[in-house]
Peer 1: 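Sharing a structure, written as structure tokens. Questions coming.
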Amino acid sequence: MAAGICTGVILCVLGVTGFMRLAYRLIPLPVVRGIQLAQGLSFAMTAVKYIRKVQDFSKSKSKGNRDWLGLDGLVLAIVCICFITIVSGAGNENNDNDNGVENRDDKGSIWRRIVTSLPSAFMVFLLGVILAIIRVIKGFKFGPSSIQVVQISKSAWKKGFVKGTIPQLPLSILNSVIAVIKLSTDLFPNKSVTVTSVSMTVGLMNVTGCWFGAMPCCRGAGGLAGQYKFGGRSGGCVALLGATKLLAMCARDMNSKHDSFVVLVCTAVSLVGSSAALGFVTAGFVGTHVSAALKRRGDGVLGLDNFNDYYDPTLKRARQALLERSGIYIVEGDINDAVLLKKLFEVVHFTHVMHLAAQAGVRYAMQNPKSYVHSNIAGFVNLLEICKNANPQPAIVWASSSSVYGLNTKVPFSEKDRTDQPASLYAATKKAGEEIAHTYNHIYGLSLTGLRFFTVYGPWGRPDMAYFFFTKDILKGKSIPVFESVNHGTVARDFTYIDDVVKGCLGALDTAEKSTGSGGKKKGAAQLRIFNLGNTSPVSVSDLVSILEKLLKMKAKRRVMKLPRNGDVPFTHANISFAQREFGYKPTTDLQMGMKKFVRWYVSYYGSRKKSDH
């Protein structure tokens, strides 16, 4: 009650002082539409929960399954729907006879006009009262209840304001004032509707309703107005009206595709909660696993991927389908699209950015060098430009690479080691990214954490990785290249299983401090970190092939070759003590166990695809 009264009073004050007019001019319509849509879907999900489970409203808990054949179940719902649809009808605004002939003013026609003029919402209300009386018939007493004056303590006022008014006020402004003004203008274009009058009316409705113990009913008023205007008084008509309104929000009201996109973004992020992490390349290998892990623990995730054809796009689409089944939304776009990124950041206050977008692969850089500069440098700068101007600025965690260690011969590789000898263009662009991050941290106060991944592998991995195409070629009976370094030296990699890398990514996100800048201006020193995420146990490529032979139960046709000068380095080995100290990073999956999981996925995924192709 205290929260409702406070909300109503503030709405009245905003209306009288003119601040509501300022909000009406400043808040874009797509934002309002997106939040409206999210609220509607949220209410629908709550309704489903209430139908399925008996509710203990005093404790805000579900008690148990409802009896589907009782008064609380499906039979009653079907009866109510039939009653509303048949009795209330479609209705119309003018009951006059088109031919000008007066109808007989008999009792039947009078009752028919009365019933058909009633909106379906009112019919539902009356039916609800009747059902409520039936349910409590044993303890029901006729006559008015005793009148009591409700006293609200100081602690109740404080609690209601902090926990009720503050969270509810933005929604009240958007839904109950701005949206109602827009709806009224659309429905009744010939009538003048002022921001002040609507704000005052809604505020008084809240104050009066809450004072008498009632829930605010602003949404009902808007719904009744819509039903009256369009003559939709049956349940089917109202459902059709809702679907039409949804299409209108994403088409007619929106001036461009970007505005329509904003509606859907606001809806998605509003539904998933207040904490939102924006993960780029969500349909990529690491991005897919990180996004799924964030979603499982309750974070909001919005993905961005351009679905390029560097490797098989159907694998990326399969990852996308996997994420969408978990409720993760992926926007198809490029990080170099400044307009798109700006639109995203305008409507959603992202707390964190998990930037995993990059042109990967060491060897491909010799074929298409410009793609590496475009994605790994220009794309990163574009993202940082958007983040620096955000208010508040998000904390950023991004993917660097173990390739930055280049020709370094000191092992294991430590974050303090020199990284000024890149062996490939890919490594050079990743090193450039680290220097660019330092610049934006120093000038603009962005909180930045770089993660140097060491040969990440596992289910849903990249087909250009050796373990992936080794598996493919062994199964097909093809020969595979096994490289040796100078003087028949061993080529080894610090293979790191994807689940261990995901734990590292989440640890980096959880320990990332807030950025200190605002609107492009630095206000204090900001966090800047670099971590190795490896397994600390290098395995030779020859041993990797032996493990695959055992798991696939097939002998590999090895073709031993010298390591070519295409950017590959002979070995990698991570020192992970810094990550262990900062957020408890500790890999637990060895190559034998990790490859067993990968092979199981590979056989299942590509085996099922072959069957579906036939």
Peer 1: If you count heavy atoms of other groups shown closer than 6.0 angstrom to CG of D420, is the number above 12?
Peer 2: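 Count over threshold, so yes.
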Peer 1: Could you walk me through whether K342 and E385 pass the salt bridge (charged side-chain N to carboxylate O under 4.0 Å, His left out) check?
Peer 2: CA-CA 10 Å; K342 186 177 180 181; E385 280 291 307; over 6 Å; no
Peer 1: If you define the side chain from C-beta out and look only at heavy atoms, does anything of N389 sit under 4.5 Å from Y444?
Peer 2: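 Of all side-chain heavy-atom pairs linking Y444 with N389, none is under 4.5 Å.
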Peer 1: Kindly give the heavy-atom pair with the smallest separation between M561 and P481, and that separation in Å.
Peer 2: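 That closest heavy-atom pairing would be SD-CB, 3.7 Å.
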Peer 1: Do the non-hydrogen side-chain atoms of L344 and L302 ever get within less than 4.5 Å of each other?
Peer 2: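 SC-SC contact between L344 and L302 confirmed.
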Peer 1: Per the ring pair (Phe, Tyr, Trp, His ring centres under 6.0 Å) rule, what does the pair list look like for residues 295-315, sequence neighbours excluded?
Peer 2: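 Output for this query lists Y310-Y364.
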Peer 1: Should M595 and L548 count as side-chain neighbours, where that means a heavy-atom distance under 4.5 Å?
Peer 2: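 Touching, per the 4.5 Å side-chain cut-off.
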Peer 1: Quick check for you: to the nearest 0.5 Å, what is the distance between C505 atom SG and L294 atom CG?
Peer 2: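 So the gap between those two atoms works out to 9.0 Å.
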Peer 1: Hydrogens and angles aside, do R558 and S546 bring a side-chain donor and acceptor to less than 3.5 Å of each other?
Peer 2: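 Yes, a side-chain donor-acceptor pair sits under 3.5 Å.
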Peer 1: Between V491, L591, V482, which is the residue that forms a side-chain contact (heavy atoms from CB on, under 4.5 Å) with L544?
Peer 2: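 The side-chain contact (heavy atoms from CB on, under 4.5 Å) with L544 is passed solely by L591 among V491, L591, V482.
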Peer 1: What's the shortest heavy-atom distance between Y467 and G461, and which atoms?
Peer 2: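 Here Y467 and G461 meet closest at OH-CA, 3.5 Å.
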Peer 1: Within the side chain of Y372, is there an N or O that forms a donor-acceptor pair under 3.5 Å with the backbone of A365?
Peer 2: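 Yes, the answer is positive, given that a donor and an acceptor are paired below the 3.5 Å cut-off.
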Peer 1: Scan side-chain atoms only and decide if N391 and S518 contain a donor-acceptor pair under the 3.5 Å cut-off.
Peer 2: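 S518 and N391 do have a side-chain donor-acceptor pair below 3.5 Å.
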Peer 1: Can you measure from NE2 (H438) to CD1 (I443) and round to the nearest 0.5 angstrom?
Peer 2: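 Between atom NE2 of H438 and atom CD1 of I443 there are 10.0 Å.
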Peer 1: Is there a donor-acceptor pair under 3.5 Å between the side chain of T288 and the backbone N or O of R319?
Peer 2: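 Not confirmed, T288 side chain does not pair with R319 backbone.
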Peer 1: What verdict does the side-chain contact (heavy atoms from CB on, under 4.5 Å) test give for Q527 and L448, after you've listed the backbone C-alpha separation in whole Å, the side-chain angles of each residue and the deciding distance to 0.1 Å?
Peer 2: CA-CA 6 Å; Q527 186 182 57; L448 285 146; over 6 Å; no
Peer 1: Output the distance between atom CG (L446) and atom OG1 (T439), rounded to the nearest 0.5 Å.
Peer 2: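 Between L446 CG and T439 OG1, I get 11.0 Å after rounding to 0.5 Å.
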Peer 1: Under 4.5 Å between any side-chain heavy atoms of L315 and P463, yes or no?
Peer 2: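 A side-chain contact under 4.5 Å exists here.
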Peer 1: So, E549 side chain and A556 main chain: donor-acceptor pair closer than 3.5 Å or not?
Peer 2: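 Confirmed, E549 side chain pairs with A556 backbone.
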Peer 1: With side chains defined as the heavy atoms from C-beta onward, is the minimum distance between R452 and I530 less than 4.5 Å?
Peer 2: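 When only atoms from C-beta onward are counted, I530 and R452 do touch, with a gap below 4.5 Å.
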Peer 1: Determine whether a donor-acceptor pair (N or O, by modelled atom type, separation under 3.5 Å) exists between the side chain of D494 and the backbone of A574.
Peer 2: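 Side chain of D494 to backbone of A574, a donor-acceptor pair under 3.5 Å: yes, one is there.
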Peer 1: Considering only NZ, NE, NH1 and NH2 on the basic side and carboxylate oxygens on the acidic side, decide whether R317 and E324 come within less than 4.0 Å.
Peer 2: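 Salt bridge between R317 and E324, a charged N being under 4.0 Å from a carboxylate O: no.
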Peer 1: Between Y585 and F531, is the ring centroid distance below 6.0 Å?
Peer 2: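 For Y585 and F531, the ring centres are not under 6.0 Å apart.
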Peer 1: Between D510 and R297 (salt bridge meaning N to carboxylate O under 4.0 Å), is one present in this structure?
Peer 2: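 R297 and D510: salt-bridged.
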Peer 1: Could you check if a side-chain atom of T588 sits within less than 4.5 angstrom of a side-chain atom of K503, using non-hydrogen atoms only?
Peer 2: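 Result yes, sub-4.5 Å side-chain heavy-atom pair found.
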Peer 1: Between F453 and V456, what is the shortest heavy-atom contact and its length?
Peer 2: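 Taking every non-hydrogen atom into account, CB-CG2, 3.7 Å.
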Peer 1: Passes side-chain contact (heavy atoms from CB on, under 4.5 Å), V290 versus M354? Steps please.
Peer 2: CA-CA 9 Å; V290 172; M354 187 74 195; 4.3 Å; yes
Peer 1: Sort out for me which residue in D417, T419, N532 forms a side-chain hydrogen bond (donor to acceptor under 3.5 Å, both in side chains) with Y405.
Peer 2: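 Result: among D417, T419, N532, N532 is the only option passing the side-chain hydrogen bond (donor to acceptor under 3.5 Å, both in side chains) with Y405.
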Peer 1: Say you draw a straight line from CD1 of I474 to NZ of K553; how long is it, rounded to the nearest 0.5 Å?
Peer 2: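 Separation between the atoms: 15.0 Å.
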Peer 1: Does one side chain, of S447 or R529, offer a donor that lies under 3.5 Å from an acceptor on the other?
Peer 2: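 Side chains of S447 and R529: no pair found under 3.5 Å.
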Peer 1: Show the nearest heavy-atom pair for residues L356 and G287, with the distance to one decimal.
Peer 2: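 Minimum heavy-atom contact is CD1-CA, 3.5 Å.
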Peer 1: Please report the interatomic distance CG(L528) to CD(E513), rounded to the nearest 0.5 Å.
Peer 2: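 It is 11.0 Å, given to the nearest 0.5 Å.
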Peer 1: Between F468 and Y457, is a ring-ring contact (aromatic ring centres under 6.0 Å, His included) present by the stated rule, with each step listed?
Peer 2: CA-CA 8 Å; F468 201 112; Y457 72 98; over 10 Å; no
Peer 1: Considering residues, nucleotides and ligands other than M554, do more than 12 of their heavy atoms fall under 6.0 Å from its CE?
Peer 2: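 Enclosed.
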Peer 1: Please tell me if the side chains of W398 and E434 come closer than 4.5 Å, counting only heavy atoms from C-beta onward.
Peer 2: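 Result yes, sub-4.5 Å side-chain heavy-atom pair found.
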Peer 1: Indicate yes or no for a side-chain donor-acceptor contact from D334 to the backbone of N306 under 3.5 Å, with no hydrogens or angles considered.
Peer 2: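 Looks like no, no N/O pair under 3.5 Å.
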Peer 1: Pairing donors with acceptors under 3.5 angstrom, does anything connect the side chains of T496 and N535?
Peer 2: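 Not at all, the side chains of T496 and N535 share no donor-acceptor pair under 3.5 Å.
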Peer 1: If we only count heavy atoms from C-beta on, is the V560 to E484 side-chain gap below 4.5 Å?
Peer 2: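 Yes, at least one pair of side-chain atoms sits under 4.5 Å.
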Peer 1: Applying side-chain contact (heavy atoms from CB on, under 4.5 Å) to Q592 and K550, what does each step give before you reach the verdict?
Peer 2: CA-CA 10 Å; Q592 178 78 34; K550 182 179 178 181; 4.3 Å; yes
Peer 1: Between T429 and V373, which heavy-atom pair has the shortest distance, and what is it?
Peer 2: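 The answer is CG2-N, 4.5 Å.
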Peer 1: Is the count of non-hydrogen atoms from other residues, nucleotides or ligands lying under 6.0 Å from K478 atom NZ greater than 12?
Peer 2: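 Atom NZ in K478 is not packed in, count stays at 12 or less.
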Peer 1: Should L533 and I576 be marked as a side-chain contact (heavy atoms from CB on, under 4.5 Å) after you check the CA-CA gap, both sets of side-chain angles, and the distance that decides it?
Peer 2: CA-CA 6 Å; L533 293 186; I576 61 170; over 6 Å; no
Peer 1: Measuring centre to centre across the rings, with the benzene-like ring taken for any Trp, is F380 within less than 6.0 Å of H355?
Peer 2: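 Ring-ring flag for F380/H355: true, centres closer than 6.0 Å.
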Peer 1: Check for a donor-acceptor pair, side chain of K522 on one end and backbone N or O of H442 on the other, with a separation under 3.5 Å.
Peer 2: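 Yes; judged by distance alone, with no hydrogens or angles, the pair exists.
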Peer 1: Would you tell me whether S540 and D543 have side-chain atoms, one donor and one acceptor, within less than 3.5 Å of each other?
Peer 2: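 The answer is yes; a qualifying pair exists.
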Peer 1: Kindly give the heavy-atom pair with the smallest separation between L425 and P369, and that separation in Å.
Peer 2: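 Minimum heavy-atom separation between L425 and P369: CD2-CB, 3.4 Å.
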Peer 1: For N336 and H374, test the side chains for any donor-to-acceptor distance below 3.5 angstrom and give the result as yes or no.
Peer 2: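 Judged by distance alone, the side chains do pair up.
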Peer 1: By side chain to side chain contact (heavy atoms under 4.5 Å, CB included), which residues pair with S401, not counting sequence neighbours?
Peer 2: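 S401: side chain to side chain contact (heavy atoms under 4.5 Å, CB included) contacts with S403, Y426, K430.
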Peer 1: May I ask you to decide if the ring planes of Y602 and F598 are parallel, tilted or perpendicular, using 30° and 60° as cut-offs?
Peer 2: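 Aromatic pair Y602/F598 classed tilted.
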Peer 1: Drop me the distance from Y497's OH to T455's OG1, to the nearest 0.5 angstrom.
Peer 2: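 That separation rounds to 15.5 Å.
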